[in-house]
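Inspection log for the structure reproduced underneath, given as structure tokens.
Chain A is the first sequence line, chain B the second, and so forth, proteins listed ahead of strands; every chain is numbered from 1. Keep in mind it's a predicted model, so treat the numbers as computed, not measured.
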Amino acid sequence: MKFATWNVNSLSVRLPQVLQWLADTGTDTLVLQETKLTDDKFPHDAFAQAGYQSACFGQKTYNGVAIISREAVTDISHNIPGFDDHQARIIAATVGDVRMIGAYFPNGQAPGTDKFEYKMSWLQALERWVKEHLENHSKLILAGDFNIAPTDDDVYDPVAWKDQILCTPQERTHFQNLIALGLHDAFRLFEQPPKSWSWWDYRNLAFRKNQGLRIDHILVSDALKSTVCACSIDKQPRKNERPSDHAPVVLEF
DNA sequence: ATGGCCATGCACCATGGA
């Protein structure tokens, strides 16, 4: 079973690349972030023709998430129950016996801003909800664009990024809180090339210079961990013309 | 040698992303 997460930074722009990538890789289930599409504009037909069913939760201009799957997706839910949120950031669904949460974590802009406070309260609510969710779903995946670089090893220039957004101790504590619920950073279950990133700024030739951050993650529960056989970042789509600034993260189990 | 972005909406610029 091949699972992946990808922040596509506009599905309207990236749809051909997503379809091509699905065909090239044979991915079974893909969660998308930053679709930037209202649900009435979601390209269900294009995915259906490629052999995938899809569920979406979007809004205009910003955010938006979706799940694309060969196998049936059931019990679809949106965002965090009990957390009043006007932004479309989470879609959860069951595929086979695995509960999958696809999430687009808030960016947070900068410490001390309203957006940072929103990120903190969103993360706190997420932890509460995932903790409950784990009680009912032993095989759980939490995947997406976390907008958190968990350690300095996930940052190309930790000195320049020290205490900057995506790298603050507060954000990293929240990442560890998720791990403490009994989740595992699948990427770190395996030997990885040094300087592995999942996002590179569009500016400054960052991709060519490999100046990036690892902020897209796949966390797996204990029950899944034993069946996971690989996890990697696929840099190939970042080399496309008009790429997303993020690369997909792939899990095999 | 240096510096270089991209998507959206509505509008030819401002905002957000990370």
Rounded to whole Å, please give me the gap between NZ in A:Lys60 and P in B:dA7. 18 Å

Nearest-angstrom distance, C1' atom, B:dT8 to B:dC12: 14 Å

Is it the case that the side chain of A:Trp199 and the backbone of A:Asp216 share a donor-acceptor pair, with hydrogens and angles ignored and the cut-off at 3.5 Å? no

Which of parallel (below 30°), tilted (30 to 60°) and perpendicular (above 60°) describes A:His217 and A:Phe146? perpendicular

Students often get this wrong, so: under 4.0 angstrom with heavy atoms, is A:Arg14 touching a base, only sugar-phosphate, or nothing? sugar-phosphate

Answer yes or no: is there a donor N or O on one side and an acceptor on the other, between the side chain of A:Lys2 and the main chain of A:Gly26, under 3.5 Å? no

Across nucleotides 12-17 of chain B, 5' to 3', mark each nucleotide with B, S or - according to how protein heavy atoms within less than 4.0 Å reach it. ----SB

Can you tell me if A:Gln17 uses its side chain to pair, donor with acceptor, with the backbone of A:Arg242 under 3.5 Å? yes

What is the distance, rounded to the nearest whole Å, between atom CG of A:Leu15 and atom P of B:dA7? 14 Å

Exactly one of A:Thr35, A:Ile90, A:Asn147 clears side chain to side chain contact (heavy atoms under 4.5 Å, CB included) with A:Tyr104, and that residue is A:Asn147

If you assign each of A:Phe105 and A:Leu11 to its closest nucleotide in DNA chain B, which residue comes earlier from the 5' end? A:Leu11

How close or far is atom P of B:dC5 from atom NZ of A:Lys209, stated in whole angstroms? 12 Å

Rounded to whole angstroms, how far apart are CD on A:Gln59 and P on B:dA7? 18 Å

Calculate the interatomic distance between A:Leu205 atom CG and B:dT2 atom P; express it in whole Å. 13 Å

Does atom CG of A:Asp40 have more than 12 heavy-atom neighbours from other groups under 6.0 Å away? yes

Would you find a donor on one side and an acceptor on the other, under 3.5 Å apart, between the side chain of A:Ser69 and the backbone of A:Ala72? no

Report the residues that fulfil side chain to side chain donor-acceptor pair (under 3.5 Å) with A:Arg14, sequence neighbours left out, ordered by chain and then residue number. none

With a 3.5 Å cut-off and no angle check, do the side chains of A:Asp97 and A:His137 form a donor-acceptor pair? no

Spacing of the P atoms in B:dC10 and B:dT15 (rounded, Å): 14 Å

What is the distance from CD of A:Gln211 to C1' of B:dC5, rounded to the nearest Å? 14 Å

Please state whether the phosphate of B:dT8, meaning OP1 or OP2, lies under 4.0 angstrom from any side-chain nitrogen or oxygen of A:Ser10. yes

For DNA chain B, what is the dot-bracket line, given that a base pair needs Watson-Crick (N1 to N3, plus N6-O4 or O6-N4) or G-U wobble (N1-O2 and O6-N3) geometry with both distances under 3.5 Å, and | means paired with another strand? ....(((((...))))).

On a whole-Å scale, what distance lies between the C1' atoms belonging to B:dG3 and B:dA7? 22 Å

